[in-house]
Structures are given as C-alpha cells and as structure tokens.
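Data first, discussion second: the structure below is written as structure tokens.
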Amino acid sequence: MMSPAAAMLTILRDALPSGAPLHAPVFEGREWEYVKDCLDTGWVSTAGEYVDRFEHLIRDRVGSSDAIAAVNGTAALHVLLVAIGVEAGDEVIIPALTFVATANSVAHVGATPHFADIERTTLGLDPARLDAYLTAVGEVRGDVLCNKMTGAPIRAIVAVHVFGHPCDMGGLVTVARKFNLDLLEDAAESLGSIHGGTPTGAIGRAGILSFNGNKTITTGGGGAIVTNDTALGDRIRHLATTAKKSHAWAYEHDAVGFNCRMPNINAALGCAQIELLDRFVTEKRGLADWYRDRLQSVGGAEFVDEAPGNHSNFWLNAVLLDDQAQRDQLLEDAHTHNIGLRPAWRPMHWLPMYAGCPRSDLSVTEDICARLVNLPSGVGTAREIAQQISGAASS
Ligand SMILES: *Cc1c(COP(=O)(O)O)cnc(C)c1O
C-alpha cells in the first residue's frame, strides 16, 4: 500500500500545475484604472479619496462601524494594542500557532506574548481550556487580572483566525468578559470568513486585517483596524496619523504617534480588489471542496475543514498527516516536484526570542504543527482545478 505522503503526492502531481504557488495575487478588476487615477491626479500618499472609499468598503464587508486602513497588518495590530492601553510589562494572550507578526506586535509595545493552546476543530484559541488556565494562573488585583507567576497584568486576548477559519468567538467573548480582558481579533487571514452569521474582524472589541500580497485580496502591502467602538476608532485614526491635532496650518501633536496610514495608491488597489472578494472566496471554497473530496480516499491524511457554524474563506488549505515522518516526506517529495507545499509556522514558543515567554500547556499546538501541511490555495490554482473538473465532465 502507498504511504499517505505518497498517495497525496500522486493526487497533487496529477492535478496541480508544476510550480503551483501556495498563494498568488490575481489582478483582473479595475486595478489599473484606479491606480492610474492616483497617478494622474497626483494623489498617491496618505490622504485621498481612495483611502476613504476603501475604508468604507471594508466597513461594509466586516459590518463594523469604523475601519482605519494601515500600511500593513503588523502595524495595525501594534497601534491597536497601544490604543486599548496595553503597556510595556503587560502580558497579552495569543496562540502559539500564528504568523510571527502577532507576537511581534505585542513585543513592539514592550509587552510579553503569553501563549495559550488551540482547539483541533478551529485551530484557534480553545475557550474552555483558556478559562481553566486563566483561573489557575490568574489573580485579580484591583480589577486587573494578573499572572500569579510573573506579577504582570494580563490586558488582552488576541484571537487569530488561522488559515481563514474563524475561531470559537462565542466562547472567547465569554472568557474575556469573565476575566475583564479586551478581546481582539487578528483577522489578517480571514477577510470574507463568517462565524455564526457575523463576519470576522469586529466580533470582539476590535480586530485587524492584512492586505499583504499573499492574502485573499492585496494592496501590495496593507492592513486595517476594524471596530464598533467609535471612540476607539477615533483614537486609532489620530494615533496612526502622527497624533496631529486637526488645524489648518499648525503642527500640534499630543501623543507619541505613528505614521502608519495606508497611502492612497495602495488603497486604490484595495478598492479594485475588494470588488473581487466574493468571487475569489467562492472560487477558493470550490478548491477546498476538491481537496476535501480527493483527500477522503487517502488513509492517514485528514483535510482541515471549517467547523460547524463557520463559513471560511479557506485562505490556506491544510491537511494533517498521521505523523511528522509522513509530513516531512510529503514536504520533501513535493518540493522535488516543484509543488509549493509548506509546513505550519514554527510555533512561537519555539522561536528564540519568544522561548522564555509564559505559556499554558501547548500539546495540541505542538501536535498540529508537527503534522500539518499547507496546500496551494490561490485563486489561480482554484481555476486550474475548476477547468480540469469541467473538462473531465464534458469529455
Ligand atoms: C499576514 C499576517 C499578519 C500580518 O500582516 P502583514 O500585513 O503582513 O503585516 C498578522 N497576523 C497573521 C495571522 C497573518 O497571517
């Protein structure tokens, strides 16, 4: 019998074009038109009508009352953490299974990432185990939850919708409320994903998006903060714009601000891309259907699916092999055949700069990281597969 890795490689090699990337942008809407308009009018920098339009389109999409476009997702999370009052010496709960940017943003504030474990179903923070963990490790001083071991205040939870799959936000809202913590969403990967009828991003107090080149839609580089908290949104816009007080000519700044608003030329790309989002998500979900269907026949390989109640954008498809040896074999063989498979990110607590950070038991994270492989998931790949399916059906 073929090993799971060999069986998977056969399926992928037969169907995917050589060089299929993990993800790649597609520009086929009004990108040229909008970007040209920026150049023609001279409005290329951090003010201009495309920024306003893009923020409006993001609000519509996420269902938030406010959206502030930023230079990237990392900067967006940094300024958001500052705006909610996270300070040097504080701790912020995040999953260890995430892109390094989540931890970096916490560290840029001078705060410490505090890692908690994930659920197998969503790959996001596990509310029940987080509740038990905070009960064990936390101690309320005044009205602030502190880490008994370090004495540091725990200020917030940043939930990450990993690979686009929404986490159990209902459960996390309850835990955050119980311990008086701000709940934020790193929705960098999940634009277009819906949890229990609500788009991800602003289910918690606030969240961030990313429009990096490898995300579902792109502005080249870019991000946004989304929130329903009007005062917080105003504060973020102010902080992100050098904390300059509004005045016709005077330079007056009232805080240590950031320069992290999105330039108009990037927002122009964003306006064109977000018009394509529904189509892209539909096509990406079609590719996920194909992977799910094909992987059913492979023993020892489990497709990472959306949890009940979730509608995922399937930003990155993923499969879990039975063990690390199978995973390693699949990665090696796929790379020999020029197919863009990737392992999961190295979990944050295994990176040298975060190895000493406080953490709960992370056994689910470690198990998942050892066995997971991300599969080519871009819209281009979705189209190749869709063509093969319709070709096979008509021949
Ligand atoms: C992409 C990403 C970010 C950061 O976004 P950038 O725009 O690349 O700075 C943050 N968190 C997660 C989970 C991401 O995937």
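When a ligand or atom number is given, it counts from 1 through the structure's own listing order. Positions are given from 1, in the same order as the sequence printed here. Here the structure is a predicted model, which means the values were calculated and not measured.
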I'd like to know if the side chain of Asn264 and the backbone of Trp43 have a donor-acceptor N/O pair within less than 3.5 Å. yes
Mind checking whether Phe314 and Phe303 have parallel, tilted or perpendicular rings, split at 30° and 60°? parallel
Tell me the contacting part of Thr98 for ligand 1: side chain, backbone, both, or neither, using a 4.0 Å heavy-atom threshold, strictly below. side chain
Would a distance-only check, ignoring hydrogens and angles, find a side-chain to backbone donor-acceptor pair under 3.5 Å from Glu185 to Gly204? yes
Give the ring-plane orientation class for Tyr34 versus Tyr50, where under 30° counts as parallel, over 60° as perpendicular and anything between as tilted. tilted
Heavy-atom pairs closer than 4.0 Å: do any link ligand 1 to the side chain of Val162, the backbone, both, or neither? neither
What atoms of ligand 1 come closer than 4.0 angstrom to any heavy atom of Ala188? 2 (C), 3 (C), 10 (C), 11 (N), 12 (C), 14 (C)
Just which atoms of ligand 1 are under 4.0 Å from any heavy atom in Ala101? 3 (C), 4 (C), 10 (C)
Judging by distance only, is a nitrogen or oxygen of Gly73 under 3.5 angstrom from one on ligand 1? yes
Please confirm whether the backbone N or O of Leu321 pairs with a side-chain atom of Arg371, one donor and one acceptor, at under 3.5 Å? yes
Do the ring planes of Trp345 and Phe99 sit parallel (below 30°), tilted (30 to 60°) or perpendicular (above 60°)? tilted
Evaluate Ser210 for polar contact with ligand 1, using N/O atom pairs at a separation under 3.5 Å. yes
Near Thr74 (heavy-atom distance under 4.0 Å), the atoms of ligand 1 are 4 (C), 5 (O), 6 (P), 9 (O)
Atoms of ligand 1, numbered as shown, that sit under 4.0 Å from any heavy atom of Lys215: 1 (C), 2 (C), 14 (C), 15 (O)
Of all the heavy-atom pairs spanning Ala103 and Pro113, show the shortest one and how long it is. O-CG, 4.0 Å
Keeping the roles fixed (side chain from Thr365, backbone from Asp117), state whether a donor-acceptor pair exists under 3.5 Å. no
Please identify which atoms of ligand 1 are closer than 4.0 Å to at least one heavy atom of Gly222. 7 (O)
Does at least one non-hydrogen atom of Ser105 fall below 4.0 angstrom from an atom of ligand 1? no
Those atoms of ligand 1 less than 4.0 Å from some heavy atom in Thr102: 11 (N)
Looking at atom 15 (O) of ligand 1, what's its closest protein heavy atom, distance included? Glu189 OE2, 2.5 Å
Aromatic ring centroids of Phe54 and Phe211 under 6.0 Å? yes
For atom 11 (N) of ligand 1, closest protein heavy-atom neighbour: Asp186 OD2, 2.7 Å
Only heavy atoms of Val160, strictly under 4.0 Å: list the atoms of ligand 1 that pass. 13 (C)
